[in-house]
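This chain uses plain numbering: 1 for the first residue, then up along the sequence.
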Amino acid sequence: MFSLKNKIAFITGASRGIGKEIALKLAAAGAKVAIAAKTATPHPKLPGTIFQAAEEIIQAGGEALPLVMDIRDEEQIQSAVQKTIDTFGGIDILINNASAIQLTRTLDTPLKRYDLMHQINVRGTFACSQACLPYLKKASNPHILNLSPPLNMNPKWFKDYLAYTMSKYGMSLCVLGMAAEFAEDGIAVNALWPKTVIATAALMAILKDPQVIESTTKHCRLPSIVADAAYEILLKDSRECTGHFFIDEDILRDKGVTDFSHYAVSPGNPLKEDFFLD
């Protein structure tokens, strides 16, 4: 069994939501966490900044490095990675969590939003992986974990939000390709996706209407289930566990978890299954 104590994790989009929850989970296990995100000042619609997230990690007894980084900017990525190396001495784990979403059909998707999703989801994942890989090659038990879905070719997942699906599947294709490409280096490259919809600030921003938010989130789970699943994946032997598309609930069931009620926003209510899962 591997340990995360003193491991160095570089997490994108970790100022809020699933990314921050993973950061807190890893920090509680003794990891040093670089929080790489754009939100240095409060967002008008979304809570949390990298500095607030870092403070929570420190209060929990962990080590945190807040890094202002626009994932669309190659120089900022390189700078953030270098600051992580200068501060912590290496990188053992990369979590590609940063993501943009817009659930619109083709004719209703402005190209500006199309570009944003592909710049953040696909290009950002590729660029951050590219920047971290030289250091991951030097690590013991190195992991890349992308928050992206299994590659499900059912047309129903394309017809209503093609641009978004393409961008998330691009992240998953990075898993497929990099797992094979870097297998001899012992670098694990896997994907993690939630079985049910997760209640995050980003979801609230999409739903907007308070009544819709309330009626939807009561059928969701908390980000902690994804963080707990990510933790279990990162404990695995990187040479033996790569190229997988994990589902959070399945990972935890394999660890013996049978009661998932504490992960529910409103225990007892039926849960809404996430996208891309038939």
Side-chain angles (χ1 to χ4, degrees), residues 3-100 120-121 124-125 127-129 131-132 135-136 139 141-147 192 198-205 222-235:
S3 168
L4 297 187
K5 187 171 179 59
N6 293 322
K7 293 291 185 180
I8 299 150
F10 188 95
I11 307 178
T12 67
S15 59
R16 62 176 69 92
I18 291 172
K20 187 178 84 168
E21 201 68 29
I22 293 175
L24 289 167
K25 179 72 178 182
L26 301 192
K32 302 173 183 179
V33 183
I35 303 165
K38 189 180 178 182
T39 311
T41 57
H43 189 280
K45 297 180 180 179
L46 302 174
T49 69
I50 57 172
F51 303 109
Q52 291 169 347
E55 184 59 32
E56 287 186 46
I57 288 171
I58 293 168
Q59 288 178 357
E63 291 187 54
L65 176 64
L67 297 166
V68 180
M69 185 191 83
D70 186 338
I71 200 170
R72 297 169 294 179
D73 188 310
E74 180 182 358
E75 290 185 2
Q76 290 189 33
I77 293 172
Q78 294 290 346
S79 176
V81 169
Q82 189 59 55
K83 287 177 182 176
T84 303
I85 301 303
D86 293 342
T87 303
F88 292 142
I91 295 176
D92 301 285
I93 297 164
L94 167 62
I95 309 288
N96 285 309
N97 166 73
S99 190
I120 293 175
N121 301 356
T125 292
C128 287
S129 300
C132 290
Y135 305 101
L136 290 166
N141 206 46
H143 282 263
I144 295 176
L145 185 62
N146 294 354
L147 274 294
L192 175 61
I198 303 297
T200 63
L203 176 65
M204 312 306 169
L222 300 167
S224 55
I225 188 172
V226 185
D228 287 354
Y231 170 80
E232 296 298 339
I233 294 168
L234 298 172
L235 289 177

Side-chain donor-acceptor contacts of residues 91-99 below 3.5 Å, not counting sequence neighbours, with atom names and distances?
residue, atom, partner, partner atom, Å
D92, OD2, I8, N, 2.8
N96, ND2, S129, OG, 3.2
N96, ND2, N146, OD1, 2.8
N97, ND2, T12, O, 3.1
N97, ND2, G13, O, 2.9
S99, OG, N121, OD1, 3.2
S99, OG, K168, NZ, 3.1

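Interatomic distance, K38 NZ to I71 CD1, rounded to the nearest 0.5 Å: 11.5 Å. In this structure, CD1 in I18 is found 10.0 Å from OG in S224, a value given to the nearest 0.5 Å. Rounding to the nearest 0.5 Å gives a distance of 7.5 Å between CD1 of I77 and CZ of F10. A distance of 14.0 Å separates OH of Y231 from CD1 of I22, quoted to the nearest 0.5 Å. Note that CD of Q82 is 11.5 Å distant from CG of L67, once rounded to the nearest 0.5 Å. Note: K7 NZ to H143 NE2 = 8.5 Å, rounded to the nearest 0.5 Å.
Nearest approach of A23 to I57, heavy atoms of both residues: CB-CD1, 3.8 Å. The nearest pair of heavy atoms linking G90 to T84 is O-CG2, 4.0 Å. Here the closest heavy-atom approach between residue C132 and residue V81 is recorded as SG-CG2, 3.9 Å. The minimum heavy-atom distance linking A36 with M69 is given by the pair CB-CE, 3.8 Å. Counting all heavy atoms, side chain and backbone alike, A14 lies closest to A37 at N-CB, 4.0 Å. Minimum interatomic distance between N141 and L234 (heavy atoms only, all atoms of both residues): ND2-O, 3.7 Å.
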- Show the numbers, then the answer: is there a side chain to side chain contact (heavy atoms under 4.5 Å, CB included) between I50 and V68? CA-CA 7 Å; I50 57 172; V68 180; 3.5 Å; yes

- Message: side chain to side chain contact (heavy atoms under 4.5 Å, CB included) for S79 and E75? Distances and angles first, verdict last.
- Response: CA-CA 6 Å; S79 176; E75 290 185 2; over 6 Å; no

- Show the numbers, then the answer: is there a side chain to side chain contact (heavy atoms under 4.5 Å, CB included) between L65 and K32? CA-CA 8 Å; L65 176 64; K32 302 173 183 179; over 6 Å; no

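Counting non-hydrogen atoms of neighbouring residues, nucleotides and ligands closer than 6.0 angstrom, the CD atom of Q78 exceeds 12 such neighbours.
Using a distance-only test at 3.5 Å, with no hydrogens or angles considered, a donor-acceptor pair links the side chain of Q76 to the main chain of D70.
With sequence neighbours left out, the side-chain contact (heavy atoms from CB on, under 4.5 Å) criterion links E56 to K20, L24.
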